[in-house]
Engineer: 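Dumping the structure here so I can ask a few things about it.
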Number of protein chains: 2
Amino acid sequence: MFDAIDQKILKIIQTNNLTPQRDIGEKVGLSAAAVQRRIKKMRELGIIEKDIAVIDREKIGNNVTILVELFLDSEKIEKIDALKKKFETISEIQQSYYVTGESDFFLVIVVPSMAHYENLTRRIFFGDENIKRFRTIVVMGITKNSLELPLNLLIPNEK
Amino acid sequence: MFDAIDQKILKIIQTNNLTPQRDIGEKVGLSAAAVQRRIKKMRELGIIEKDIAVIDREKIGNNVTILVELFLDSEKIEKIDALKKKFETISEIQQSYYVTGESDFFLVIVVPSMAHYENLTRRIFFGDENIKRFRTIVVMGITKNSLELPLNLLIPNEK
DNA sequence: TTCATTTTGCAATTTTGTTTCATTTTTATG
DNA sequence: CATAAAAATGAAACAAAATTGCAAAATGAA
């Protein structure tokens, strides 16, 4: 369960999940039916988390990307968990990383404008007594933007 | 061209691009055929950049996520462009942000292990004379992981 | 208002995904 | 290494989804 062929399939669909199963089958040396079953199972197991369309922010316009480094006051678990949950519900927060080191969180935020960001900042950072300070890093350009995992490098861990 | 209905469609498929066009049609008040045509056009225009499956790193195992803050020596355009291109080709680099402020780049890196990261580090950072220094931030947990854009907040910019 | 253009819905068509079933392959066990 | 049970497979039938043609409706510009 979960072999080299599954890995090949993942490699293909993490780049383009609209690839017909027929085509995938050809590339990995299986019938379309077999591919379909494997994909189905990986969806059930949660190996495949979701299937999404990625929208180009440039084309849509009105988008500013900002990275935020967060420094917390207290590092009590409950407080941290509360923050995590809060972040999940905020649509402007695209990604939230809980990290080690001097700071505690890194956020990737997308907003229509700087004004909007300033507002958001008031709403979620200044209002929170757990947040000691935060650093705002304005993104000038995104040169790579994916959620791809480097499956080539995968060391076999299940058989 | 590009109206509120397109936005609704994007909102749906950026969460689940396997949603049948019939269902999308119902939600936005159009026939499946109309939805299909709109999606097709948005793909052609590049508004929809790509369609992908997202894989759960936890389930795959052998994955360590690391954020890297890069400080460059020279800020000459050619040098920066060279770096951007280099990063694109490296499969461990999932995301690359070119930023303002003290530092120049933020990278999201996924590797099978810390040992692998150390190696990567030698290969791409220490070898490069443009890179003054870099800060490694180890990710303990990812509490939100998407490429979704907050389309609710979109200010109409095209008619 | 009128004409040209665009967008739409419906129905037909095509493509893709899914299931069934008999067979093969794999795995575990004696 | 023989063999029985379990799992995975391909081919074909089937179902569901996407795509296209076409006439009608909506939209926009003059």
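Sequence lines set the chain letters: A, B, ... in the order given, protein chains first and strands last, and positions in each chain run from 1. Nothing here was measured: the structure is a model prediction, and the numbers come from that model.
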Engineer: Between Lys79(B) and Asp73(B), is the closest basic N to carboxylate O distance under 4.0 Å?
Structural biologist: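 No.
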Engineer: Check the distance between dG17(C)'s P and Met42(A)'s CE and give it to me in whole angstrom.
Structural biologist: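 Interatomic distance, CE of Met42(A) to P of dG17(C): 14 Å.
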Engineer: To the nearest angstrom, how far is Arg38(A) atom CZ from dG17(C) atom P?
Structural biologist: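 Distance check: Arg38(A) CZ to dG17(C) P gives 17 Å.
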Engineer: For Arg22(B), report the nucleic acid contact type (base, sugar-phosphate, nothing); a contact means any heavy atom under 4.0 Å.
Structural biologist: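 The residue Arg22(B) makes base contact.
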Engineer: Closer than 3.5 angstrom, by distance alone: can the side chain of Ser146(B) be matched with the main-chain N or O of Gln94(A) as a donor-acceptor pair?
Structural biologist: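 Judged by distance alone, yes, a pair lies under 3.5 Å.
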Engineer: Let me know the distance between CG of Leu30(B) and P of dT27(D), rounded to the nearest Å.
Structural biologist: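 Taking atom P of dT27(D) as the reference, CG of Leu30(B) is at 12 Å.
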Engineer: Kindly state each residue pair satisfying side-chain hydrogen bond (donor to acceptor under 3.5 Å, both in side chains) with at least one member in residues 99-108 of chain A, sequence neighbours excluded.
Structural biologist: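 Listed once each, the pairs are Glu69(A)-Ser103(A), Glu102(A)-Arg135(B).
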Engineer: Are Leu149(A) and Val139(B) grouped together when hydrophobic residues (ILVMFWY) are joined by side-chain heavy atoms under 4.5 angstrom apart?
Structural biologist: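 Shared cluster, no.
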Engineer: Counting only non-hydrogen atoms, which of residues 9-18 of chain A are less than 4.0 Å from DNA chain C?
Structural biologist: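 When residues 9-18 of chain A is checked for heavy atoms under 4.0 Å from DNA chain C, there are no hits whatsoever.
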Engineer: Any side-chain N or O of Lys41(B) below 4.0 angstrom from OP1/OP2 of dT7(C)?
Structural biologist: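 Yes.
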Engineer: Is it true that a side-chain atom of Lys144(B) and a backbone atom of Ser96(A) form a donor plus acceptor pair closer than 3.5 Å?
Structural biologist: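 A pair under 3.5 Å: no.
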Engineer: Taking everything shown except Lys132(B) itself, do over 12 heavy atoms lie less than 6.0 Å from its NZ?
Structural biologist: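 It does: Lys132(B) NZ has more than 12 such atoms within range.
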Engineer: Measure from CG on Asp3(B) to P on dT6(C) and round the result to the nearest Å.
Structural biologist: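 For the pair Asp3(B) CG and dT6(C) P, the rounded distance is 15 Å.
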Engineer: Who is the Watson-Crick or G-U wobble partner of dT8(C), with both distances under 3.5 Å?
Structural biologist: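 Because both required distances fall under 3.5 Å, dT8(C) counts as paired with dA23(D).
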Engineer: Mark yes or no for whether Asn63(A), through its side chain, and Gly61(A), through its backbone, hold a donor-acceptor pair below 3.5 Å.
Structural biologist: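 Yes.
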Engineer: Where the side chain of Lys86(A) meets the backbone of Ile124(A), is there a donor-acceptor pair that is under 3.5 Å apart?
Structural biologist: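 Yes, because the side chain of Lys86(A) sits within donor-acceptor range (under 3.5 Å) of the backbone of Ile124(A).
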Engineer: Classify every nucleotide of nucleotides 18-23 of chain C by which part a protein heavy atom approaches to under 4.0 Å, writing B for the base, S for the sugar-phosphate alone and - for neither, in 5'-to-3' order.
Structural biologist: BBB---
